[in-house]
Participant: 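One structure follows; several queries about it will come next.
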Amino acid sequence: MIRQAGRRGFLAALGLTVACRGVARSQEEGESLAEGAPPVEEPQTEAPPAESPVPVVPQAVFEDVTVSMEVARTDAERQKGLGGHAPLGETDGMLFVFERPSFHAFWMKGMLFPLDLMWIERGQVVYVERNAPNYPPDTPDRSLPVYAPMEQATYVLEVNAGFADRYGIGVGSAVELRGI
């Protein structure tokens with residue numbers, strides 16, 4: 001029914017519903033409204049500003065740079081990763097989120113561009129694989145190297161190759177993950 005009414009009809013119906021709720025609330029509180037009088041609007045109060053609002057786009061915030069991230073949470077999302085993905089922007093990446101820390105291993109199957117991979121635990125980078133190359137699509141799986149950290153991690157961030165060097169990110173670098 002909403003689709004048939006169109007946007008204008010939907011908005012009008014929404015306004016009528018809101019107005020009716022206002023009348024019902026006033027009548028429940030023992031107030032009476034003169035016939036035809038518009039409902040009294042309650043004053044709007046502004047919520048206090050949050051200290052650090054949750055960003056609309058998830059972010060990894062390092063000392064000198066912030067990365068806007070796509071997030072892979074499910075097994076299917078993690079398996080696909082950035083395989084076949086268009087090249088990333090300068091400060092874009094993908095964050096892989098796992099249920100628990102482990103030695104999560106990665107390979108470059110289906111990648112169209114080289115990457116830096118950063119394993120993250122407790123707000124810091126615990127391992128970095130720099131300049132992992134992409135391979136031709138016909139490369140046999142057994143020929144693809146596997147990249148694994150030296151320390152367990154819950155998160156892995158993939159960014160363009162050279163990113164870690166360009167921004168001085170290494171083992172021990174602090175990172176705040178926001179909006180995940």
Participant: Under a 4.5 Å cut-off applied to non-hydrogen side-chain atoms, are P58 and I180 in contact?
Facilitator: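 The answer is yes; the side chains approach within 4.5 Å.
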Participant: Tell me, do R78 and H104 make a side-chain contact under 4.5 Å, heavy atoms counted?
Facilitator: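 In short, these two side chains do not touch, never coming nearer than 4.5 Å.
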Participant: What's the spacing between F113 CZ and E158 CD if we round to 0.5 Å?
Facilitator: 8.0 Å
Participant: Counting only N and O atoms by type, is there a donor-acceptor contact under 3.5 Å from the side chain of R130 to the main-chain atoms of A161?
Facilitator: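 Side chain of R130 to backbone of A161, a donor-acceptor pair under 3.5 Å: no, none is there.
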Participant: Membership question, hydrophobic clusters at under 4.5 Å side-chain separation (ILVMFWY): are L157 and L177 in the same one?
Facilitator: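 In one cluster: yes.
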Participant: Could you tell me if the side chain of V97 sits less than 4.5 Å from the side chain of Y155, heavy atoms only?
Facilitator: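 Yes, side chains in contact.
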Participant: State, to 0.1 Å, how close V125 and G170 come at their nearest heavy-atom pair, and which atoms those are.
Facilitator: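 Closest pair (atom of V125, atom of G170, distance): CB-O, 3.5 Å.
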Participant: At what distance, to the nearest 0.5 angstrom, does CG of D75 lie from CD of E99?
Facilitator: 6.5 Å
Participant: Hey, could you give me the CH2/CG distance between W107 and L144, rounded to the nearest 0.5 Å?
Facilitator: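 Between atom CH2 of W107 and atom CG of L144 there are 6.0 Å.
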Participant: Please report the closest heavy-atom contact between A132 and M108, naming both atoms and the distance.
Facilitator: O-CE, 3.3 Å
Participant: Locate the shortest heavy-atom distance separating W119 from A153; write the atom from each residue and the value.
Facilitator: CB-CB, 3.7 Å
Participant: Provide the closest heavy-atom pair for G168 versus S173 in the form atom of the first, atom of the second, distance.
Facilitator: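 Heavy-atom minimum between the residues: O-OG, 3.9 Å.
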Participant: Show your reasoning for whether side chain to side chain contact (heavy atoms under 4.5 Å, CB included) applies to L88 and L82.
Facilitator: CA-CA 9 Å; L88 296 169; L82 290 172; 3.9 Å; yes
Participant: Closest approach of V57 and S68, non-hydrogen atoms and distance?
Facilitator: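 Closest heavy-atom pair between V57 and S68: CG1-CB, 3.9 Å.
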Participant: Between Y147 and L115, is there a side-chain heavy-atom distance shorter than 4.5 Å?
Facilitator: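 No. Closest side-chain heavy atoms not under 4.5 Å.
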Participant: Got a sec: does the CD of E90 have more than 12 other heavy atoms crowding it under 6.0 Å?
Facilitator: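 Yes, enclosed.
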Participant: Between atom CZ of R100 and atom CD of Q152, what is the distance when rounded to the nearest 0.5 Å?
Facilitator: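 Answer for the CZ-CD pair, R100 versus Q152, is 11.0 Å.
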Participant: Counting only N and O atoms by type, is there a donor-acceptor contact under 3.5 Å from the side chain of D116 to the main-chain atoms of G162?
Facilitator: yes
Participant: Only one of V159, T91, V67 clears side chain to side chain contact (heavy atoms under 4.5 Å, CB included) with Y167; which?
Facilitator: T91
Participant: Hey, any chance L95 and I169 share a hydrophobic cluster, counting ILVMFWY side chains that come within less than 4.5 Å of each other, even indirectly?
Facilitator: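 Yes, L95 connects to I169 through the hydrophobic network.
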Participant: Considering non-hydrogen atoms only, spot the tightest contact between F103 and M150 and give its length.
Facilitator: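 Distance-wise, the nearest heavy atoms are CE2-O, 3.6 Å.
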Participant: Is there a path of hydrophobic side-chain contacts, each under 4.5 Å between heavy atoms, that joins V126 and F98?
Facilitator: yes
Participant: In the single-linkage hydrophobic clustering (I, L, V, M, F, W, Y; side-chain heavy atoms under 4.5 Å), do M69 and M94 co-cluster?
Facilitator: no
Participant: Same cluster for V61 and I120 if Ile/Leu/Val/Met/Phe/Trp/Tyr side chains link at under 4.5 Å?
Facilitator: no
Participant: Apply the side chain to side chain contact (heavy atoms under 4.5 Å, CB included) test between L117 and each candidate in Y127, F96, F106; give the one that qualifies.
Facilitator: F106
